[in-house]
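Let me begin by presenting the structure, written as structure tokens, before commenting on it.
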Amino acid sequence: MHYSVTSCVLASLLLSGCSFFSSPKADPEPIVGQPLQVPAHLSAPPQPAQYDIPAVRSTVQQVDAQPPGLVLTLSTSSRVDEEETRARIWFDRTDFSGDLQPFLEQKLSEFFSENSIGYQQESELAWVTDWVVQTDTTGMWFWKSKQPRDQARFRVSMEPRPHGRSVALLVEMLEHEYFDRGRPLLPTGVKREETAFLNSFTAFVGDYEFRQAQLRRSRPVDTSLQLGVDGQGQPALLSEQPLEVVWSQLESLFEAVNLSVTDLNRSASTYYLRYEQPKQGFLSRLFRRKAMPTLPLTNGDYQVVLGRSQQQTSLSFRDKNGQVLSESVVAQLESVLLTVVSETRLEL
């Protein structure tokens with residue numbers, strides 16, 4: 001039985017040997033098409049090779065590698081419309097500007113004067129500049145020098161809205177020339193030059209607004225807060241402001257003197273407070289931070305009740321049980337709070 005199985009295996013191998021040990025088949029020969037037969041009375045079409053690149057007429061174009069111009073809102077009163085493609089920006093009326101169109105006309109005149117730019121008024125709302133020269137700085141330190149690069153003339157025009165609270169300012173380039181005569185100005189360069197001129201004026205307006213804001217902050221605040229009595233004849237602090245105005249600003253005042261609000265009752269015009277005398281830490285002393293003012297109060301809970309008395313708003317300071325603080329304590333509170341009100345510029 002063993003020999004018969006072996007014989008069967010050998011016989012199977014011998015029978016399949018032709019296919020088992022045969023070499024791989026070669027790729028079939030490619031089928032070559034017959035050349036196209038063209039009748040004698042017709043012309044043969046072009047026969048390009050397999051990898052021929054068709055000839056295309058092309059011209060070498062210069063590419064502008066500099067970034068595109070972007071209109072920037074460099075003043076608080078300026079804004080840009082979405083999808084705006086021109087060098088145009090909008091100005092809105094603010095406390096600094098007053099009547100907007102005369103304000104922008106004045107700032108434009110000051111901008112031309114400060115930058116020594118000559119101009120002529122083309123129409124009521126349009127101005128044309130003389131040549132504005134742009135320079136490149138070369139060298140360093142004491143050997144710095146400025147070399148003129150190009151010059152351009154611009155038209156600056158205003159587009160006021162009928163309501164007068166918004167005015168658009170548009171800058172258009174009229175002429176341009178490089179001092180290097182062989183250097184052309186690409187279309188993207190025109191927009192960049194217009195945008196740079198517009199951004200310079202917007203930054204000029206923004207600088208004016210910043211200086212005006214600093215001047216306002218430096219002016220002393222005219223506060224009406226003073227010692228007096230409330231409607232029940234108890235010692236209190238009095239303000240000329242309406243009760244709603246005083247109520248809305250008291251939380252800022254409390255925060256500045258380390259009074260934390262634990263609860264409030266708007267219908268009774270009452271704040272419930274907790275006072276802890278401030279302590280200046282090591283880091284505050286190290287960086288010379290100004291210490292928080294100390295009130296003439298002990299640590300604990302207090303109340304501040306607002307009321308109206310003879311067209312004035314009264315601030316009645318009380319302990320946690322609702323007892324009015326003494327006149328001497330209220331007088332000391334007035335001294336400290338007047339300084340805080342002036343520094344925080346609250347309307348009290």
Side-chain angles (χ1 to χ4, degrees), residues 67-82 84 86-119 121 125-127 129 132-137 144 146 152 154-161 163-172 191-223 241 245 248-249 251-253 255-256 287-290 338-348:
L70 180 64
V71 177
L72 303 176
T73 55
L74 300 173
S75 70
T76 57
S77 59
S78 59
R79 57 182 171 84
V80 180
D81 284 344
E82 294 184 6
E84 177 64 71
R86 297 178 295 173
R88 186 174 72 164
I89 195 169
W90 285 92
F91 289 93
D92 296 320
R93 179 171 179 168
T94 64
D95 293 338
F96 300 114
S97 64
D99 197 1
L100 188 56
Q101 183 176 327
F103 168 77
L104 291 176
E105 291 177 1
Q106 179 184 357
K107 291 298 136 188
L108 192 61
S109 176
E110 294 174 1
F111 173 74
F112 288 151
S113 177
E114 184 169 310
N115 292 277
S116 302
I117 299 175
Y119 68 95
Q121 188 161 359
L125 297 174
W127 297 261
T129 70
V132 180
V133 180
Q134 302 290 336
T135 60
D136 290 329
T137 302
K144 279 186 178 180
K146 292 184 177 181
F154 301 93
R155 175 187 290 115
V156 183
S157 56
M158 292 185 187
E159 302 171 357
R161 286 283 175 86
H163 51 65
R165 296 187 299 273
S166 298
V167 175
L169 197 74
L170 177 67
V171 174
E172 303 168 280
K191 173 67 180 301
R192 185 167 49 249
E193 295 291 337
E194 294 173 344
T195 301
F197 189 88
L198 179 60
N199 288 341
S200 298
F201 174 71
T202 309
F204 181 80
V205 176
D207 180 66
Y208 168 80
E209 293 174 343
F210 177 74
R211 287 185 280 107
Q212 290 298 310
Q214 282 188 318
L215 181 61
R216 287 190 178 186
R217 286 194 295 268
S218 65
R219 292 173 181 169
V221 177
D222 185 15
T223 178
Q241 299 293 341
V245 174
S248 64
Q249 298 184 86
E251 288 196 36
S252 299
L253 178 62
E255 183 180 358
F287 293 102
R288 297 182 180 179
R289 294 177 182 170
K290 187 176 180 180
L338 279 175
T339 303
V340 176
V341 168
S342 179
E343 291 176 351
T344 54
R345 309 189 68 79
L346 297 175
E347 298 180 14
L348 291 174

For this session: Ignoring hydrogens and angles, tell me if any N or O in the side chain of S109 forms a donor-acceptor pair with the backbone of Q106 under 3.5 Å.
Result: no

Problem set entry | Listed partners of R86 passing salt bridge (Lys or Arg N to Asp or Glu O under 4.0 Å), at least two apart | E84

Problem set entry | Residue pair I117 / F154, side-chain heavy-atom distance below 4.5 Å | no

For this session: With sequence neighbours excluded, tell me which residues meet side-chain contact (heavy atoms from CB on, under 4.5 Å) with Q121.
Result: W127

For this session: Check ring-ring contact (aromatic ring centres under 6.0 Å, His included) between F91 and all other residues, then give those that pass, not counting sequence neighbours.
Result: none

Problem set entry | Closest approach of T202 to S78 (non-hydrogen atoms, all atoms of both residues) | CG2-OG, 3.9 Å

Problem set entry | Heavy-atom pair with the smallest gap, counting every atom of T195 and G69 | CG2-C, 3.9 Å

Problem set entry | With sequence neighbours excluded, residues passing salt bridge (Lys or Arg N to Asp or Glu O under 4.0 Å) with E194 | none

For this session: Check side-chain contact (heavy atoms from CB on, under 4.5 Å) between A126 and all other residues, then give those that pass, not counting sequence neighbours.
Result: E122, S123, S157

Seminar exercise, completed: The salt bridge (Lys or Arg N to Asp or Glu O under 4.0 Å) partners of K191 (sequence neighbours excluded) come to none

Seminar exercise, completed: With sequence neighbours left out, the residues meeting ring-ring contact (aromatic ring centres under 6.0 Å, His included) with F201 are F111

Exercise. How far does CD of E114 sit from OG of S200, to the nearest 0.5 angstrom?
Worked result: 11.0 Å

Exercise. Side chains of N199 and V71: does their closest heavy-atom pair fall under 4.5 Å?
Worked result: yes

Exercise. Nearest heavy-atom pair of K107 and F204: which atoms, and what distance?
Worked result: O-CE2, 3.5 Å

For this session: Side-chain contact test, heavy atoms from C-beta onward, threshold under 4.5 Å: evaluate it for F103 versus V167 and give yes or no.
Result: no

Problem set entry | V156 versus L108, closest heavy-atom pair with distance | CG1-CD2, 4.0 Å

Exercise. Does a side-chain heavy-atom distance below 4.5 Å link V341 with Q249?
Worked result: no

For this session: With sequence neighbours excluded, tell me which residues meet salt bridge (Lys or Arg N to Asp or Glu O under 4.0 Å) with E251.
Result: none

Exercise. Under the side chain to side chain donor-acceptor pair (under 3.5 Å) test, which residues partner S166, sequence neighbours left out?
Worked result: D92

Seminar exercise, completed: To the nearest 0.5 Å, atom OG1 of T94 lies from atom CD of Q212 at 10.0 Å

Exercise. Which pairs pass salt bridge (charged side-chain N to carboxylate O under 4.0 Å, His left out) with one or both residues in residues 197-210, sequence neighbours excluded?
Worked result: D207-R211

Problem set entry | Residues forming a side chain to side chain donor-acceptor pair (under 3.5 Å) with E105, sequence neighbours excluded | Q101

For this session: First locate atom CD of Q134, then atom CZ of F197, and finally report the distance between them rounded to the nearest 0.5 Å.
Result: 9.0 Å

Exercise. How far does CE of M158 sit from CG of L100, to the nearest 0.5 angstrom?
Worked result: 8.5 Å

Exercise. Any idea which heavy atoms bring E159 and W90 closest together, and the distance?
Worked result: O-CZ3, 3.9 Å

For this session: Could you tell me the separation between the CG atom of L170 and the CD1 atom of I89, rounded to the nearest 0.5 Å?
Result: 11.5 Å

Problem set entry | Over all atoms of both residues, closest heavy-atom pair of R93 and G98 | NE-O, 3.0 Å

For this session: Please name all residues satisfying side chain to side chain donor-acceptor pair (under 3.5 Å) with E255, sequence neighbours left out, ordered by chain then number.
Result: none

